[in-house]
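Following: one structure in structure tokens, then a few remarks.
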Amino acid sequence: MQKSPLHPFSATIMAWYAEHQRELPWRQTQDPYAIWLSEIILQQTRVAQGLPYFERLITAFPTVRDLAEAPEASLLRLWQGLGYYSRARNLQKAAQMVMRDFSGVFPQSYDEIIRLPGVGPYTAAAIASFAFDEAKAVVDGNVYRVLSRVFAVETDIASSAARGVFTSLAQSLIPMQDPATFNQAIMEFGALQCTPSPDCSDCPLRVSCAAFSEHRVAELPIKSKKTKVKEIEMDYLVIEQNGQLLVRERTEKGIWKGMWEFYLIEDACDWLPFQRQALKSPPVHLLSHRKIHCDAWYVQVPDNFELEIPEGYGWMSPSDFESKGKPVLLLNLITDNLDCPILQDISPTYL
DNA sequence: AAAGCGGGGAG
DNA sequence: CTCCCAGCTTT
């Protein structure tokens, strides 16, 4: 068996990685479950933001069986604040699929792993290489940036053709003898050295980087799309009666599916003829695709009044509501109004 | 092929 | 402010 020669690019970034890699918990293991969990958490999420979530989740659910058998609400509560909540729901669906279709043994090849819900080409390649040494090149935002610069690839990374172009290039560079380290190295290099606004002065690739020699580092990678932000209004009533709160789970399509909220004002509220006390609300809540304006009020309903409960809502104790996952907008509303006793009762012990 | 989906940190 | 993060799913 002939050993294919190591491409100079690959040799350089792997040597750089040996010197500069961060010590991260999911790099200390080859357990595919722990690696999978870390990769789902890190989708569109920085290491610093995902790290505490990984620690809490791997502690709460040490095995794929624990995750599969957990109440979905407890998982979403642990995911609270991390965003992209469909990741959490798909995570548990996949865990249940591992238990049912793979007898509890995590699938060991790219072609099987990518069938799990929430696992796409990037995540499947990451798990297959890190846990099983399969030579599948990862292509994420870091890889787009590094390869587009070093090899002056002008393909628009927002185009649908980009994945194929960069996957082919990365796959041609991955060394069969150590694909896992190469994949780790190219992403770590993108995260720490070849950043969006890099300092090229100490880069080990400056002599061979096409973008550097052509003074085009700032132009690459090329990305065309700009996200358009829609402004919306979301006004809430914190309605209390008998020490309970009127709340609901967001089940419709759209943002925050599976998360819980107070009464969202969508009509004139003629059914609630009581005085409202204004709450402090964050001026705007920014999502990547929404700019949410929020106003909120507190309403105390007399204990003996028979309220006509709106469709989809129900009464819940403060402690039960605290245990549900809530969007950060609601968490901010709660923590900004701790002078309101019932909101103090649902103040989160951690984000 | 394009849109939808969270939240936060860096510059 | 803008950009983008160890992207995937749905339309």
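What you are looking at is a predicted structure, and each value in this text was computed from that prediction instead of being measured. Letters go in sequence order (proteins before strands), and every chain restarts at 1.
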Atom CG of A:Leu333 and atom P of B:dG7 are separated, to the nearest Å, by 14 Å
Whole-Å distance, A:Arg87 CZ to B:dG6 P, equals 10 Å
5' to 3', nucleotides 3-11 of chain C under a 4.0 Å protein heavy-atom cut-off (B base, S sugar-phosphate only, - none) gives -BBBBSS-S
Can you see if the side chain of A:His285 gets near the phosphate of B:dG7 - specifically, an N or O under 4.0 Å from OP1 or OP2? yes
### Query
If only side-chain N and O atoms of A:His289 are considered, is one of them under 4.0 Å from the OP1 or OP2 phosphate oxygen of B:dC5?
yes
Paired with A:Glu188, the side chain to side chain donor-acceptor pair (under 3.5 Å) test is passed by just one of A:Gln193, A:His20, A:Gln21, A:Arg27, namely A:Arg27
Q.
Taking the P atom in each of C:dA6 and B:dG11, what is the distance between them to the nearest angstrom?
A. 13 Å
Discussion item. Taking B:dG6 as the reference, what is the distance to C:dC4 when you measure between their C1' atoms (whole Å, please)?
Written reply: 13 Å
The ring-ring contact (aromatic ring centres under 6.0 Å, His included) partners of A:Tyr263 (sequence neighbours excluded) come to A:Trp271, A:Tyr313
Is it true that A:Tyr122 and A:Glu39 share a donor-acceptor pair across their side chains at a distance under 3.5 Å?
yes
Between A:Lys257 and A:Lys228, whichever has its closest DNA chain B nucleotide further toward 5' is A:Lys228
Of A:Leu287 and A:Ala161, the one whose closest nucleotide on DNA chain B sits nearer the 5' end is A:Ala161
The correct set of residues in residues 52-64 of chain A placing a heavy atom under 4.0 Å from DNA chain B is none
Which is it for A:Arg216 and A:Glu154 under the salt bridge (Lys or Arg N to Asp or Glu O under 4.0 Å) test, yes or no, and what are the steps along the way? CA-CA 11 Å; A:Arg216 297 174 58 210; A:Glu154 305 195 30; 3.3 Å; yes
